[in-house]
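No experiment lies behind these values; they were computed from the predicted model shown. Side chains are part of it too, since the values below use all heavy atoms of this structure and drop only hydrogens, waters and symmetry mates. Position 1 is the first residue of the sequence; numbering continues from there. Note that ligands are numbered from 1 as they come in the structure, with each ligand's atoms numbered from 1 the same way.
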Amino acid sequence: MGNSKALLGFYITIACLAFIASKIIMSILLYKRWKRKHTSIQDIDSGGKMVMFRSTMTNFLRSDSFLKKTMKLSNKDIIGSGGYGTVYKLSVNDSISFAVKRLNRGSADRDRSFERELEAMGDIKHRNIVTLHGYYTSPHYNLLIYELMPNGSLDAVLHGKSKNKVKLDWPSRYKIAVGAARGILYLHQDCIPHIIHRDIKSSNILLDGNMEARVSDFGLAALMEPENTHVSTFVAGTFGYLAPEYFDTGKATAKGDVYSFGVVLLELLTGRKPMGEEFLEEGTKLVTWVQGVVQEKRPEHALDSSLDPYPANEVNQVLSIALLCLEPEPSKRPTMATVVKMLEHIKSEKHVSGSSSADILPKLCTE
Ligand SMILES: Nc1ncnc2c1ncn2[C@@H]1O[C@H](COP(=O)(O)OP(=O)(O)OP(=O)(O)O)[C@@H](O)[C@H]1O
């Protein structure tokens, strides 16, 4: 009896030791993995911490001099500002630059989940998404370090705020529409957990050196929620882009992103702002105005005159897709997967004999 008790005690001790050892090994492995993926540096002076995700862009950076450069950013480096803070250009050398977004709230009122969110955002890599390269947290403010998009935002290019204004012809607009749709689809479908952007708009669609669309600010609305509760009732989003149901429910959904994307498509087609002054004077907005013009069977009246000449077939199909995205009833809107298929089909159909967009649009929309 005494022997079996001692044996049981022995086994329990072994099991406990094995459990503790496995926990220690797991922690070491996780730390090693984290170290492989990140460079972290403490800023003694400000009590802040900078974390850079390792990549071909950041591998060669000397973290201490990069941190110094970041701390020296000033008003002359500002390239934009928005609801969450100010964006600065940080040039490391002639060929490498970053966009640094300073968030006005500091980490004093945040917990470790804020950093976990940022690390998850750093794992998101897609050709149509702006890469997050790192972050800096301190008690008074936080910095997000992004890939710099040399051609600025779609909003600036379309609505004339861009310094190096580029004329957007139809092929460029179509390419931006498809790229942005693929980026949003990636967030909705391929990210685990799935990400609802909540603030799709032309100023959050940035343009890289090849005028390829890159979706930015993903995950930021949730990150900036008071107490970061992830209950999607915080009013995020921008008037003119918000789906009608959002005003009743306050709930962010993937179909809400589809609606906002529909507004961006209208901006690409019409060259007008969602809440342009011309609409406000008449008590309307871009979406209602375009829907009215289409009902009156004169859609060409809505199109951007600077598009002329344009391939009417392609433009009409993109307009049809935009109107589907803007259906007031969320269940009637297509998913982003369907939107991407429909947009891609516009170009591919030329090579597919016997099918027309008239066939594909209704078919895809019933999915
Ligand atoms: N990665 C980037 N590369 C180049 N320019 C950028 C980058 N991120 C932001 N910008 C510029 O800074 C501007 C402000 O960006 P920000 O995301 O802070 O605000 P916003 O999208 O205009 O508005 P909101 O904060 O309400 O979403 C953008 O319109 C864009 O011109």
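- By the 6.0 Å contact criterion, NZ on Lys175 is enclosed, its count of non-hydrogen atoms from other residues, nucleotides or ligands being greater than 12.
- The nearest heavy-atom contact from the protein to atom 5 (N) of ligand 1 is Ile79 CD1, 3.6 Å.
- The atoms of ligand 1 that sit less than 4.0 Å from any heavy atom of Ala99 are 1 (N), 2 (C), 3 (N), 7 (C).
- Using modelled atom types and a 3.5 Å distance limit, the side chains of Ser172 and Asp169 yield a donor-acceptor pair.
- At a heavy-atom distance under 4.0 Å, only side-chain atoms of Leu206, from C-beta outward, approach ligand 1.
- Ring pair Phe98/Phe66: centre-to-centre distance below 6.0 Å.
- Nearest protein heavy-atom neighbour of atom 3 (N) of ligand 1: Met149 N, 2.9 Å.
- Protein heavy atom nearest atom 10 (N) of ligand 1, with residue, atom name and distance: Val87 CG1, 3.9 Å.
- In terms of protein heavy atoms, atom 13 (C) of ligand 1 is closest to Gly80 CA, 3.8 Å.
- Proximity of the aromatic rings of His126 and Tyr186 is defined here by a centroid distance below 6.0 angstrom, and this criterion is met.
- Residues Thr137 and Lys49 have side chains that never bring a donor and an acceptor to within less than 3.5 angstrom of each other.
- For Glu329, the CD atom sits in a packed shell: over 12 heavy atoms of surrounding residues, nucleotides or ligands are nearer than 6.0 Å.
- The 12-atom threshold is not exceeded at NZ of Lys68, counting heavy atoms of other residues, nucleotides or ligands nearer than 6.0 Å.
- Atoms of ligand 1 found under 4.0 Å from any heavy atom of Asp217, numbered from 1 in the order shown, are 17 (O), 21 (O), 27 (O).
- Heavy atoms of Ser81 found under 4.0 angstrom from ligand 1 belong exclusively to the backbone.
- Closest heavy-atom approach to atom 27 (O) of ligand 1 among the candidates Lys89, His133, Arg214, Lys201: Lys201.
- Listed by atom number, the atoms of ligand 1 under 4.0 Å from Asp199 heavy atoms are 27 (O).
- The closest protein non-hydrogen atom to atom 21 (O) of ligand 1 is Asn204 OD1, 2.8 Å.
- Nearest to atom 25 (O) of ligand 1 among the protein's heavy atoms is Gly83 N, 2.7 Å.
- Taking every heavy atom of Lys101 and a limit of under 4.0 angstrom, the matching atoms of ligand 1 come to 16 (P), 17 (O), 18 (O).
- Among residue pairs with one or both ends in residues 316-337, none qualify as ring-ring contact (aromatic ring centres under 6.0 Å, His included); sequence neighbours excluded.
- The backbone N or O of Asn93 sits nowhere less than 3.5 Å from a side-chain atom of Ser91 that would complete a donor-acceptor pair.
- The single protein non-hydrogen atom nearest to atom 19 (O) of ligand 1 is Gly82 CA, 3.3 Å, given as residue, atom name and distance.
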*Evaluate the criterion side-chain contact (heavy atoms from CB on, under 4.5 Å) for residue pair Asn151 and Met211; output intermediate values, then yes/no.*
CA-CA 7 Å; Asn151 283 312; Met211 294 301 277; 3.4 Å; yes
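- When only non-hydrogen protein atoms are considered, atom 22 (O) of ligand 1 lies nearest to Ser203 OG, 3.4 Å.
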